[in-house]
Amino acid sequence: MHAYRTHTCAQLRPSDVGSQARVSGWVHRVRDHGGLLFIDLRDHYGVTQCVADPDSAAFALVEKVRAEWVVRIDGEVKARSEDTVNDKLPTGGVEIFIRELEVLSTSEELPLPVFGEPDYPEDIRLRYRFLDLRRDNLHANIVQRSRIIDSIRRRMWDEGFFEFQTPILTASSPEGARDFLVPSRLHPGKFYALPQAPQQFKQLTMIAGFDRYFQIAPCFRDEDARADRSPGEFYQLDIEMSFVTQEDVFNAVEPVLRGVFEEFGEGRPVTQEFPRIAYADAMRKYGTDKPDLRNPIVMENVTDTFRGSGFKIFAGMIEKDDQVEVWAIPAKGGGSRAFCDRMNSWAQGEGQPGLGYIFFRDGEGAGPVAKNIGEERTAALREQLGLGDGDAVFFVCGVPKKFVDFAGAARTRAGTELGMIDESRFDFCWIVDFPMFEYDEAEKKVDFSHNPFSMPQGGMEALETRDPLEILGYQYDIVCNGIELSSGAIRNHKPEIMFKAFEIAGYGPEVVEEKFGGMLRALQYGAPPHGGIAPGLDRIVMLLCGEENLREVIMFPMNQQAEDLLMGAPSEVSARQLRDLHIQLNLPKQG
RNA sequence: GGGGGUGUAGCUCAGUUGGUUAGAGCGCUGGCCUGUCACGCCAGAGGCCGCGGGUUCGAGUCCCGUCACUCCCGCCA
């Protein structure tokens, strides 16, 4: 007989009744009735009820076991009587009558109960992550993550992609996020950086002729955390393809994501054909470049209705500045003064002067705005926006670039408050045609808005002849339920276009040469047109597990301060280690 | 770097306008209990009320500072 088990804790069924079984696992729960005692024994696979009474030779020992002790139990599989069958357990038709019990290891009093799923403070959960991971929910999430990754690998493989590993110790990159640095022992004063993404390596892989690459790639960025952004490290499904247009990338990636979401979405409907929305349209209709399409609200420009109207605040602003627009946020079912007032005070809480509104009842518009612009214009709005009694519409006025974030937030809030968002769906879209450059207000200069390696639409000619701020890139994002899942691009594979693009952003050829020398050289020796994308794996798993926090789908996450409370990272190192690395500390003064 | 929230028993939380001895549930320890599966019943142990200072006759409660956790802003090609 095996030293620890003949069956897992999920295996035994009424057909096993009468056989001898050996199971090992954690003591999930003890129910001690004095003359009769139950142990729910748990392992990775499930739970099996074990029972002992004074007829058992092990009874005295069984009485001593406590929650989370690890034990081995031998005994006979017995049928439960009809009235004691537990339908909630797959093994609920049987139980093991304990003949022998061996304590394999004991447990101290638990700082965090494994039984049950109440909320516990994150620092305790992280410090005792091994206990937290025993709990049903988290345990299932981590297993699901593994299955999802396996499914993604198979789907990528089936589409002809190869998985390659790229370096973890690489060079610091001047663009993008803050790097994690690793000091070099052999080269005093020099540092490696952990890759923010294998961006340049995957392009080099294409230039090296491998045609189709993917990797479940670890990425490292030294930026502050959010609920949907873990500090330090995360994983991407990194993809790159040669001899492709944007369309080819879409056709390769869309079925993988759709397939994974259908496979693991538990029947929740998934967008069959991802709509393509231009960046400019997304901003205008949804007020964000990551719209939640489950929210049916689409904003509309109603500037003309307010121009010269009796609503003097808006009319005056439109008069003074021809960049000023008025956007309408229609809210079906929001037609009560209470709701409109609630939206208005929310807006004021956001630092806005307020949120103008009209609500419709008894066949006419009500509220101060309606009164000011008059019946005719109110009716025109109702017509344009397709509203009726019981509906409302909110207005934001100003220069769109300045108010668009707020307008987007108002759209989200109205949709959420009015219960318009169907939680049980996965609504995908592509956001395309991102601007290549943007004006950096802080630096007072034009800079890359996305990725310096992207191909501008129109190529060299566009760079030479057009206003940089009007040039679009072959750059695209995938958004699901308002969460940015990935971004990608067709890359710029021509050195002369790269020099020109960097020149527009204010970097001379010597900068390009110094910072991207390796890449540049590669482009000079026959680079295929290529492009790719990199969906965020943690966010995919988070969506599929229905979690709001990334830490619920990562085995050993760091806390918001980028500390690993279990392993104690980051930690101080010995003087010897620092000496080897030629590093002298220059610590901030303690307050 | 900035803003909000939280901090009371091992854990989750309550604690009134500042007022006697700081409570409950779970867990823990002991006792009772032969069909439970959130077992039940009885008893008990367990508190630097995050930490430091202040106001007050008196502070878990008010004020200031500080620390920890968390959410958000900045940041995140």
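Side-chain atoms are counted along with the backbone in the values below, which use heavy atoms only and exclude waters and symmetry mates. Keep in mind the model is a prediction, meaning the values are calculated, not measured. In what follows, chains are A, B, ... by sequence order, proteins preceding strands, each numbered from 1.
- Distances from the side chain of A/Asp224 to the nucleotides B/rC71, B/rG35, B/rG74 place B/rG74 closest.
- Put simply, CG on A/Asp53 is 14 Å from C1' on B/rC33, counting in whole angstrom units.
- Checking B/rC76, B/rC69, B/rU34 against every side-chain atom of A/Asn559, the shortest atom distance belongs to B/rC69.
- For the 3.5 Å distance criterion, the side chains of A/Gln215 and A/Thr166 qualify, holding a donor opposite an acceptor.
- Only the P atoms considered, B/rU6 is 12 Å distant from B/rC63, to the nearest whole Å.
- The side chain of A/Arg229 contributes no N or O atom lying less than 4.0 Å from OP1 or OP2 of B/rC75.
- In this model, the phosphate group of B/rU70 is approached by a side-chain N or O of A/Gln561 to a distance below 4.0 Å at OP1 or OP2.
- Look at A/Arg127 and you won't find any side-chain N or O under 4.0 angstrom from OP1 or OP2 of B/rC69.
- Taking atom CG of A/Leu41 as the reference point, atom C1' of B/rU36 lies 16 Å away to the nearest angstrom.
- If you check every strand for non-hydrogen atoms under 4.0 Å, A/Glu548 touches nothing.
- Remark: P of B/rC76 and CZ of A/Phe220 are 19 Å apart, rounded to the nearest angstrom.
- The base-pairing partner of B/rG10, taking Watson-Crick or G-U wobble contacts with both distances under 3.5 Å, is B/rC26.
- Phosphate contact (OP1/OP2 of B/rC37, side-chain N/O of A/Arg42, threshold under 4.0 Å): absent.
- As a whole-Å value, the separation of A/Leu37 CG from B/rC39 P is 12 Å.
- Rounded to an integer number of Å, the gap from CG of A/Asn86 to P of B/rA38 is 7 Å.
- Counting to the nearest Å, the P atom of B/rC73 and the CD atom of A/Gln560 are 11 Å from each other.
- For A/Arg80 and B/rU36, a side-chain-to-base donor-acceptor distance below 3.5 Å is present, hydrogens and geometry of angles not being considered.
- Across all strands shown, nothing is found opposite B/rG74 as a Watson-Crick or G-U wobble partner with both distances under 3.5 Å.
- Looking at A/Arg221, its side chain has no donor and acceptor atom pair within 3.5 Å of the base of B/rC75.
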